Amino acid sequence: MREKELRQSLAVLTVSSTMKLTGLSARQLRYYESFELVKPQRSTGNQRLYSLNDINRLLEIKDYLDSGMTMKEVRRVLGASIKPEVTATTTSAITDTQARKIFQEDMLRAGQWLDNQGPNSLG
DNA sequence: ATTCTTACA
DNA sequence: TGTAAGCA
């Protein structure tokens with residue numbers, strides 16, 4: 001199952017998508033990064049690119065933080081499992097640009113769906 | 001339009 | 001944390 005791990009460590013998610021998937025604000029994403037709780041990839045224009053791995057990590061961070069843990073503590077717990085991101089060069093047919101586009105569309109759809117299901121029209 | 005960094009509250 | 005300004 002090398003493919004799976006490879007793909008989940010592919011950094012293809014934009015801040016916008018990451019916000020919706022994690023429920024965290026852009027401010028928090030950057031703030032956490034300053035504490036090295038997450039280490040998103042950078043692409044053209046110094047744009048942050050998160051991987052599904054980062055999403056899960058952020059979700060856990062959010063959970064720990066909610067448990068009253070400090071970011072320093074969270075780093076102590078998750079820091080050890082921080083592994084270098086794959087740069088998507090050995091992926092196969094699709095290019096990282098292609099993958100990024102596909103993932104973004106899918107994730108964005110998911111985000112919009114959640115948006116329509118949550119707030120209103122819940123009757 | 002969207003994100004990035006820096007800085008103030 | 002949120003928000004504003006100036007830039008890419």
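Predicted model, so just to flag it, every value in this text is computed and none were measured. By convention in this document, chain letters (A, B, ...) are assigned in the order of the sequence lines, proteins followed by strands, and residues within each chain are numbered from 1.
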Dump the intermediate steps for side chain to side chain contact (heavy atoms under 4.5 Å, CB included) on Tyr31(A) and Leu37(A), then the final yes or no. CA-CA 9 Å; Tyr31(A) 192 50; Leu37(A) 299 188; over 6 Å; no
Run the side chain to side chain contact (heavy atoms under 4.5 Å, CB included) test on Ile61(A) and Val38(A) for me, step by step, so that the C-alpha distance in whole Å, both residues' side-chain angles and the decisive distance to 0.1 Å come before the verdict. CA-CA 9 Å; Ile61(A) 291 171; Val38(A) 285; 3.7 Å; yes
Please walk me through it: do Met19(A) and Leu24(A) pass side chain to side chain contact (heavy atoms under 4.5 Å, CB included)? CA-CA 5 Å; Met19(A) 280 176 65; Leu24(A) 294 169; over 6 Å; no
Are side-chain heavy atoms of [X] and [Y] found at a separation under 4.5 Å?
{"X": "Tyr32(A)", "Y": "Leu65(A)", "value": "yes"}
{"X": "Gln41(A)", "Y": "Ser51(A)", "value": "no"}
{"X": "Gln47(A)", "Y": "Thr14(A)", "value": "no"}

Starting at atom [atom1] of [X], determine the distance to atom [atom2] of [N], rounded to an integer number of angstrom.
{"X": "Arg30(A)", "N": "dA7(B)", "atom1": "CZ", "atom2": "C1'", "answer": "14 Å"}
{"X": "Tyr50(A)", "N": "dT3(B)", "atom1": "OH", "atom2": "P", "answer": "11 Å"}
{"X": "Tyr32(A)", "N": "dC4(B)", "atom1": "OH", "atom2": "P", "answer": "16 Å"}
{"X": "Glu33(A)", "N": "dT3(B)", "atom1": "CD", "atom2": "C1'", "answer": "13 Å"}

Give me the first and last nucleotide of DNA chain C, going 5' to 3', that has any atom under 4.0 Å from a heavy atom of chain A.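 Using the under 4.0 Å cut-off, the span is dT1(C) to dT3(C).
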Derivation of the side chain to side chain contact (heavy atoms under 4.5 Å, CB included) call for Phe35(A) and Lys72(A): CA-CA 7 Å; Phe35(A) 278 74; Lys72(A) 184 180 178 183; 5.9 Å; no
In dot-bracket notation, what is the pairing pattern of DNA chain C, taking Watson-Crick (N1-N3 plus N6-O4 or O6-N4) and G-U wobble (N1-O2 and O6-N3) contacts under 3.5 Å, with [ ] crossing and | for other strands? ||||||.|
Using heavy-atom distances to pick each residue's nearest nucleotide on DNA chain B, tell me which of Arg27(A) and Asn46(A) is more 5'.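 Mapping each residue to its closest nucleotide by heavy atoms, the 5'-most match is Asn46(A).
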In terms of side-chain heavy atoms, does Thr70(A) have a donor or acceptor partner in Glu73(A) at a distance below 3.5 Å?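 No, because no side-chain N or O of Thr70(A) sits under 3.5 Å from a partner of the opposite role on Glu73(A).
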